[in-house]
Amino acid sequence: MTTRRRFTLTQYLIEQRRRFPSASGDFNALVLDVALACKAIARSVAFGELGSVLGNPVADVATGVNVQGEEQKRLDVVSNAYFTEMTEWGGHLAGMASEEMDHPYQIPSTHQRGKYLLVFDPLDGSSNIDVNVTVGSIFSVLRAPQAVIDSGRDVVEADFLQPGTQQLAAGYALYGPTTMLVLTVGNGVAGFTLDPNLGQFMLTHPQLQVPEDTQEFAINASNTRFWERPIRRYVDECLAGRTGPRGKDFNMRWIASMVAEAHRILMRGGVFMYPRDTKDPSKPGRLRLLYEANPIGFIMEQAGGRASTGREPMLTVEPTSLHQRIGLVFGSRNEVERIERYHREPAASRDDNPLFAERSLFRD
Ligand code: AFP
């Protein structure tokens, strides 16, 4: 049997660094620390209920409610601790922000501070843990404002409020049947599979590309009554299938773990929608801009797909707060552009569309 020679994540990062001959290596070291945190989380996730019994090093943690008002699971807190503990010491970070922490995380004074900001959702889809369905971690790397780098001062919320176009890297780890790391450093998207024997992420998907067209969409249809018209129109047209305006049948998926949906879409195309809706007027969307929508948006765009609020490209949105929520649509480019077009079209013309008459396809 011949074994195929594969690049490790480290080798991939070294190759990428050759594009920037003056780079210090700090950035690569940071990404490798993040990858280490993801490997540790993968182990904890794999132990499941056994984790606390088998002496998981950070298993005895206090859970609570995060700033989103969502119940924190033990693994949410454990994963957050892995991220902070494995990245704070290296001297590469000026600060961090996470879904699980109300305020920015300061690098302890015992460690050196660096020039990058790390923003992350340590365990996306954690409501799926109890049912043993795929979850993941999402992260984004930004450059700290120059004033922070020069002074080494504590970071504040405003330092993180940078549009997605400013991201230097984004990625996610997927804890599914295999553990994978998907990464962009702004030069396409690469996928790595964790070799459990070596404990190394190996390059298995060198140039991921999202197909431009798709016949698959993902949305939580229980929110139908809260959707805005453009989304209702899009979904109605998909459901109408071959005999409807799209002239083709569509398939639907909903995992309730955005990172898993993003991965499926990267692998075979599709469109994901968690749009702005009227369910809770205090929340203009379900998902978070800085550590969910932006990193996934960067990955999609780097893979030839598209990410949008429906009204504007996701990566150009100017953030207003650390835990800001936003409507998110991403995936196959032609479908996302169609949804954006539906948002631009005047309401009058939609009223002419029989699919928007009193009886929608999702209603009696
Ligand atoms: P959790 O991390 O709290 O499980 O939330 C997951 C998530 O943010 C995203 O990954 C899913 O797409 C979405 O929520 C699922 O939301 P619904 O519960 O409305 O299906």
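Atoms within each ligand, like the ligands themselves, are counted from 1 in listed order.
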**Student:** Nearest heavy-atom pair of Cys38 and Phe83: which atoms, and what distance?
**Tutor:** SG-CZ, 4.2 Å
**Student:** How close do Leu322 and Leu161 get, counting heavy atoms only, and between which atoms?
**Tutor:**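 For Leu322 versus Leu161, the nearest heavy atoms are N-CD2, 3.8 Å.
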**Student:** Closest approach of Thr320 and Glu157, non-hydrogen atoms and distance?
**Tutor:** O-OE2, 4.5 Å
**Student:** Would you check if the distance from the ring center of Phe192 to the ring center of Tyr12 is below 6.0 Å?
**Tutor:** yes
**Student:** Any idea which heavy atoms bring Arg306 and Glu340 closest together, and the distance?
**Tutor:**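 That closest heavy-atom pairing would be NE-OE1, 2.7 Å.
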**Student:** List for me each residue that meets side-chain contact (heavy atoms from CB on, under 4.5 Å) alongside Thr84, sequence neighbours excluded, and say none if there are none.
**Tutor:** Asn80, Met96, Met101, Tyr105, Phe120
**Student:** For a distance cut-off of 3.5 Å, show me each N or O of ligand 1 paired with any protein N or O, plus the separation.
**Tutor:**
| unit_1 | atom_1 | unit_2 | atom_2 | d |
| --- | --- | --- | --- | --- |
| ligand 1 | 2 (O) | Gly125 | N | 2.8 |
| ligand 1 | 2 (O) | Ser126 | N | 3.2 |
| ligand 1 | 4 (O) | Ser126 | N | 3.2 |
| ligand 1 | 4 (O) | Ser127 | N | 3.0 |
| ligand 1 | 4 (O) | Ser127 | OG | 2.9 |
| ligand 1 | 10 (O) | Asp124 | OD1 | 2.9 |
| ligand 1 | 10 (O) | Asp124 | OD2 | 3.1 |
| ligand 1 | 10 (O) | Met258 | N | 2.7 |
| ligand 1 | 14 (O) | Arg286 | NH2 | 3.1 |
| ligand 1 | 16 (O) | Arg286 | NE | 3.4 |
| ligand 1 | 19 (O) | Asn220 | ND2 | 3.0 |
| ligand 1 | 19 (O) | Tyr274 | OH | 2.5 |
| ligand 1 | 20 (O) | Asn220 | ND2 | 3.1 |
| ligand 1 | 20 (O) | Trp254 | NE1 | 3.0 |

